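Here's the structure, in structure tokens; my notes come after.
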Number of protein chains: 2
Amino acid sequence: MAELVYQQIITDLKEKIFAGKFPDMRLPDERTLAEKYNVSRSSIKRALSRMANDGIIFKKRGSGTFINPLYLKNESVFNYEQGSNLGVTDNFQMDGKKPSTKVLSFDVVLPSKELQRDLFLTPEDFVYKIIRLRSFDETPFMIETGYIPIKIMPQLTRENIENSIFNYLQEQYNQSVTKSFLSIFAEPSTKQDQELLQLGKNEPTGIMEGIFFLDNGTPFEFSHMRLHYKYLKFNTFVSI
Amino acid sequence: MAELVYQQIITDLKEKIFAGKFPDMRLPDERTLAEKYNVSRSSIKRALSRMANDGIIFKKRGSGTFINPLYLKNESVFNYEQGSNLGVTDNFQMDGKKPSTKVLSFDVVLPSKELQRDLFLTPEDFVYKIIRLRSFDETPFMIETGYIPIKIMPQLTRENIENSIFNYLQEQYNQSVTKSFLSIFAEPSTKQDQELLQLGKNEPTGIMEGIFFLDNGTPFEFSHMRLHYKYLKFNTFVSI
DNA sequence: TTCATTAATTGGTGCGTTCCAATAAAAAAA
DNA sequence: TTTTTTTATTGGAACGCACCAATTAATGAA
């Protein structure tokens, strides 16, 4: 595999952290680590930076590098945070329950002003409008409305969108979606929400909407996702 | 001020991006930038990495560095994302409306099992339990329940918590809170929510809860925040 | 003992170099 | 023309060095 050096170090440090090899909740200093691993301090710094970014450790100049106690006790949450949040159904694995998708509608329309802005379109650029209902084992949990410029995927068919669009994008165009700008909020459920998501009248709808980007920065899709409130729990590590 | 080199470059590039100096939505390559700014490629890389992390640009190896079109059209959202999300009232500036805080209760209690885990306490470590109602110009928008170990702030008084605890922490102990692990979700509003936040029966409560850390990684506070749903909009840039 | 000063520790910044891997453009072959 | 191969471009990884800045520990003065 020829693993990257800093990646190896991250993996090894994570293991050691979990094995309790640092009982004082503190990592050796960077220079010592460089010696121990027989790598340059730069590589250590890169590894530690990534880990700090993921919230696994805290670095404090002049003082040292410390382990986030939460990471020790709560690995699952961190794993969730790292690998997920994007694509939702594609990444969700709900206790082995089978995800399924039902296409509610599939049209080609002209973009609204807002959509033109978000996806960088001219008023004449047609977009697919795709509404899908997603379920786990017959339990619907999300209504997803997606808008994709047809110029990006001219050949999209109804069959394609019954599975993962991201997978189709990967296979057909060898491109992937790795970034998105999301807003998370909630609203009272509408009648349609209540019917499709099996919600009570005073139960809310969780909303996650935003723009998904291709690797080169091209806005690929605007997505508006209405979730059963019990299925929307967004975990994030915030630094300021 | 003796600004940092990479920080200067970030500032300058941002300006140029907004001034439309890169009409092809593409930055010069790293080596050229290094020449232009008369700095090393390493410094350019550092600057670009930060910007990519903030979602301002996209880097693609072999291809180049591209401007996030959303950043151009929507700076406000990005600024919100960068400087906020933490501390809420401390950073919120709601159209010049004055924020205020009302202390609903202030007790010292023993921590629950869950709290012991989250804040790394023994069953005998007492914690402050602080419930506050926060408003903008007489309009309440958040009920905040916070738990802080007394061993971290032995001298906390009711007066202190009527303003910002984070400010008090800064002034008294010269420590700051720059990281947090948060969960965002929603629930139907309780009777108490409806009363305090002036919510209708079928209007939901937005919930933001999690742990705030000191710079050295010490868990400082567990906070459970119940917001009027219209005030909870969490923007985030996600990479996988 | 207490407080101020000094020294050692530790992560941050910046420069420079070498090589690699993914992509895109150009050239060659079919 | 179309496809394949080669070449150039571009960001990524890794190494190493020198110095800076915040913190902590050790030392000395009051």
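Every chain is numbered from 1, with letters handed out A, B, ... down the list of sequences. Source: prediction; values computed, not measured.
Annotation: side-chain hydrogen bond (donor to acceptor under 3.5 Å, both in side chains) contacts of A:Thr218 (sequence neighbours excluded): A:Asn216. In this structure, the side chain to side chain contact (heavy atoms under 4.5 Å, CB included) partners of A:Leu232, at least two apart in sequence or on a different chain, are A:Ile184, A:Met208, A:Leu227. For B:Ser223, the side-chain hydrogen bond (donor to acceptor under 3.5 Å, both in side chains) partners two or more places apart in sequence, or in a different chain, are B:Glu144. Legend: residues meeting side chain to side chain contact (heavy atoms under 4.5 Å, CB included) with B:Glu124, ordered by chain and number and at least two apart, are B:Thr122. In this structure B:Lys151 satisfies the salt bridge (Lys or Arg N to Asp or Glu O under 4.0 Å) test together with B:Asp125, sequence neighbours excluded. A:Lys16 pairs by the side-chain hydrogen bond (donor to acceptor under 3.5 Å, both in side chains) definition with A:Asp12, not counting sequence neighbours. B:Phe22 is linked by a ring-ring contact (aromatic ring centres under 6.0 Å, His included) to nothing, counting only residues two or more places apart in sequence or in another chain. Remark: A:Glu209 engages A:His224 in a side-chain hydrogen bond (donor to acceptor under 3.5 Å, both in side chains) (not counting sequence neighbours). Every residue two or more places apart in sequence or in another chain that forms a ring-ring contact (aromatic ring centres under 6.0 Å, His included) with B:Tyr128 is listed here: B:Phe106.
Counting non-hydrogen atoms of neighbouring residues, nucleotides and ligands closer than 6.0 angstrom, the NZ atom of B:Lys129 reaches no more than 12 such neighbours.
Straight-line distance from the CZ atom of A:Phe66 to the C1' atom of D:dT24: 10 Å, rounded to whole Å. Distance, A:Gln7 CD to D:dA14 C1': 14 Å, rounded to whole Å.
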Detail all sub-3.5 Å separations between protein N/O atoms and N/O atoms belonging to nucleotides 5-10 of chain D.
from, atom 1, to, atom 2, distance (Å)
D:dT10, O2, B:Gly62, N, 3.2

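Within residues 38-53 of chain A, the residues approaching DNA chain C are A:Arg41, A:Lys45, by heavy-atom distance under 4.0 Å.
On the nucleic acid side, DNA chain C has its first and last nucleotide under 4.0 Å of a heavy atom of chain A at C:dT9 to C:dT13, going 5' to 3'.
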